[in-house]
Amino acid sequence: MGRERWRSVGSALWRSVAVWLVSTLTMLALAGILPDFQLQSDDGDSATRIAITAALGAGAFGLLSSLVWPLLVRALLLVPALVLGLLAFFLNGSLLLLALSLIPDGRGEANAETAVVVAAVMSAVASATGGALAVRDDDAYRRRLYRLSDRRRRRLAEGRVGPVPPGTVFIQLDGVGHDVLRTAVDKGLMPTVAAWLGQEGTPSHRLTPWRTDWSSQTGASQLGILHGSNHDVPAFRWYEKDTGEVMVSNRPASAVELQRRAIERTGDGGLLTLDGASRGNLFSGGAEQVALVLSMAARRGKENRSRAGYFAYFSDPANAVRTALSFVAEVGREIGESTRARLRRRRPRVGRGGLYPFIRAFATVVERDVVVTAVISDMLAGRTAVYADLVAYDEVAHHSGPTGPDVEKVLQRLDRSLALIAKVAEHAPRAYRVVVLSDHGQSPGETFRTRYGLTLGDLARAGCGLPVPRKAQRTHSGAEARATVRTALRRPVEEGAGEHRPARRAEPIVLASGNLGLISFPDVPHRMTREEIDLRHPALLPTLANHPGIGFLLVRSQERGPVVLGARGSEVYLDEEPGDLGPLTDFGPGAADAVRRTDGFPHVADIMVNSWYDPQDGEVLAFEEQIGSHGGLGGAQTQPFLLSPLVLSAPVDDGHELVGAERVHDVLRRWLGEYQGPEIPLVGGGGGAADDSRHEGPGDTAFAVADPAAQDNTH
């Protein structure tokens, strides 16, 4: 402990010296620019003497700012915020004038107006310098934890009989598959996870793979995990004939409705109804404390707290400076990586220009910093259950592929975030069990359009005998971060992403969700049967089933129920005992059960299309412009992971497989009850977006307490 304390003191001293030197240079530059600001006598001085004067002035100003400024702010707490904001400039200028007056021989001089400008510039430069240096150092943050943890531990224990039970933090690494995590650990990219798995010591966690439903995407998986039901979520986006609407999982209005349906089906508010917090998710999970939750973003007015995390986080200037610098660095990194990929003619490749570098930086820097800081605040507040989603890997893998240098850097930074959370757990007011999981994986492969020169919508139109445009229509990424950044900026989520809308109602609506496609005929009010489709468009099903980029189709026969169609007339009737799985064989065990379950959804499409899959290379063909995709069956996209502490019971018995997001919900709910008793369900309207009576809690205003300085070193 003594060595660590001396290291902390040395680090703090180094940062102070660096800030002082930069402030000195800033003062010298301002003295040369501003005619009313001088650092020398009227008779002139040597350069050395002027530099000493600047150093003394910068040191005095920094010392006064550290000692006097907090006292002034405390004394002015009753002043209205606007007035205090204006007073801050003049008070800062007054401190500079006082600092200049302390310089020997009266060499420092400035009029009042100039002092205000100089003080403002020096304060900004000092904040930026200190923030940039703190990015690589968690000692300052750790010292703050020491001061806060004991006080909050005492507060949490007040009024309780016996010890405080442990809390649980669930961290979702969006899109990180089981094999990707295992490979990253073996390569040394994720030392925190490696230590938990006992690579160089005693393990503290177990790694368990699980299998997604047919819809292997965040909307279906997270709804099932947080709310216990993903019934009637056939894809990332789908058309509902009874309302004439396209549902999109990352559209706020759709997220609200999906959460409402899940609560109605299960009868309780979700996984987080007991003293829970939901951070950065699509759904609230029934938590009272929510920030950056998409299902809350459709609200307007004071009740909408979906963006509260951004405002609370960036109200701390140090947080803003660190994140801004990391954001700029990430934009530069993406431009450099994209340029190298283009110059080397790397294949497969998709467009990464336009706004994408900024969207990537938002997902990998801003969203991560805000969410991790929110989780830390929740832990320091002693909350019982916290669930947070980090979307960085998923966003980058869509455009760079699930493996390679681009995503390896992201995995390294995610591991540092886990290390920071684990360090906070050591000093939190209650013990915490950290569970890490993913909602799906990602499968590599080029796009359907790149390989064949047309989209799934073009192919469907051709099968219907309709004209096909010469230039294939481009679809857009359905990544979660894109909708999140639009929500943060109060801009509507794009309506046309990943969908082909017909000009006339007789034409099919074709939607894309990764390598899963959905074809619906909007002029027919019910789900069309195979016989009706063949009668209306006799060439459509053969055209689709025999195309080399299509793995299989799901339609419903009026006489024999759900049927899977493949190339060369292959058919598998799911309600009958199959002797041969036909086109489903390559998609692994459980494929037939997953397809059969989806067939029972009320809003399943007339034709469900799963792309081709190569079991040797694990590649699929995405119907969207993604070279790392998920949404259907085939490869690593259906194989996420669950990393849990050994003190918790095993997710499943030996020899059994964990299948489906709803079963993962059951496991997580069981773990929450193992130490503290069962959760209390919120029947009816409970669960975040469905309940307008929720109030602001301390967690929504506590973000400035925590500091994500240790999780990034991008500068």
Check: Where do His630 and Thr218 come nearest, in terms of heavy atoms and distance?
Finding: CE1-N, 4.5 Å

Notebook entry, point to check: Partners of Thr183 by side-chain hydrogen bond (donor to acceptor under 3.5 Å, both in side chains), sequence neighbours excluded?
Noted result: none

Check: Got a sec, which residues hit salt bridge (charged side-chain N to carboxylate O under 4.0 Å, His left out) with Arg663, two or more places apart in sequence or on another chain?
Finding: Asp666

Checklist line | Aromatic ring proximity, centroids under 6.0 angstrom, Phe587 and Trp612 | finding: no

Notebook entry, point to check: Within a strict 4.5 Å, meaning less than it, do heavy atoms of the Val246 and Trp238 side chains meet?
Noted result: no

Check: Which pair of non-hydrogen atoms, one from Ala363 and one from Val391, has the smallest distance, and what is that distance?
Finding: CB-CG2, 3.9 Å

Next item on the list: Would you please name every residue forming a salt bridge (charged side-chain N to carboxylate O under 4.0 Å, His left out) with Arg206, sequence neighbours left out?
Entry: none

Next item on the list: Verify side chain to side chain donor-acceptor pair (under 3.5 Å) between Asp406 and Ser400, making sure each step is shown before the conclusion.
Entry: CA-CA 7 Å; Asp406 289 14; Ser400 302; 2.9 Å; yes

Next item on the list: For residues His547 and Tyr452, establish whether the separation of their ring centroids is below 6.0 Å.
Entry: yes

Checklist line | Member of Thr266, Ile263, Leu271 meeting the side-chain contact (heavy atoms from CB on, under 4.5 Å) criterion with His227 | finding: Ile263

Notebook entry, point to check: What residues, two or more places apart in sequence or in another chain, satisfy side-chain hydrogen bond (donor to acceptor under 3.5 Å, both in side chains) together with Ser629?
Noted result: none

Check: Would you call the rings of Tyr387 and Phe170 parallel, tilted or perpendicular, where under 30° means parallel and over 60° means perpendicular?
Finding: tilted

Checklist line | Ring centres under 6.0 angstrom apart (Phe521, His537) | finding: yes

Checklist line | Set of residues satisfying side-chain hydrogen bond (donor to acceptor under 3.5 Å, both in side chains) with respect to Asp654, sequence neighbours excluded | finding: none

Note to self: Would you say that Leu584 contacts Phe552 through its side chain, given a criterion of any heavy-atom pair below 4.5 Å between the two side chains?
What the structure shows: yes

Checklist line | Identified side-chain contact (heavy atoms from CB on, under 4.5 Å) partner of Leu437 from the options Ile225, Thr208, Leu173, Val176 | finding: Ile225

Check: Near His526 NE2, under 6.0 Å, is it more than 12 heavy atoms from other residues, nucleotides or ligands?
Finding: yes

Checklist line | Closest approach of Met247 to Ser254 (non-hydrogen atoms, all atoms of both residues) | finding: CA-OG, 3.7 Å

Check: Residues two or more places apart in sequence or in another chain: which of them pass side-chain hydrogen bond (donor to acceptor under 3.5 Å, both in side chains) with Asp593?
Finding: Arg596

Check: In this structure, are over 12 heavy atoms from other groups packed under 6.0 Å from Arg451 atom CZ?
Finding: yes

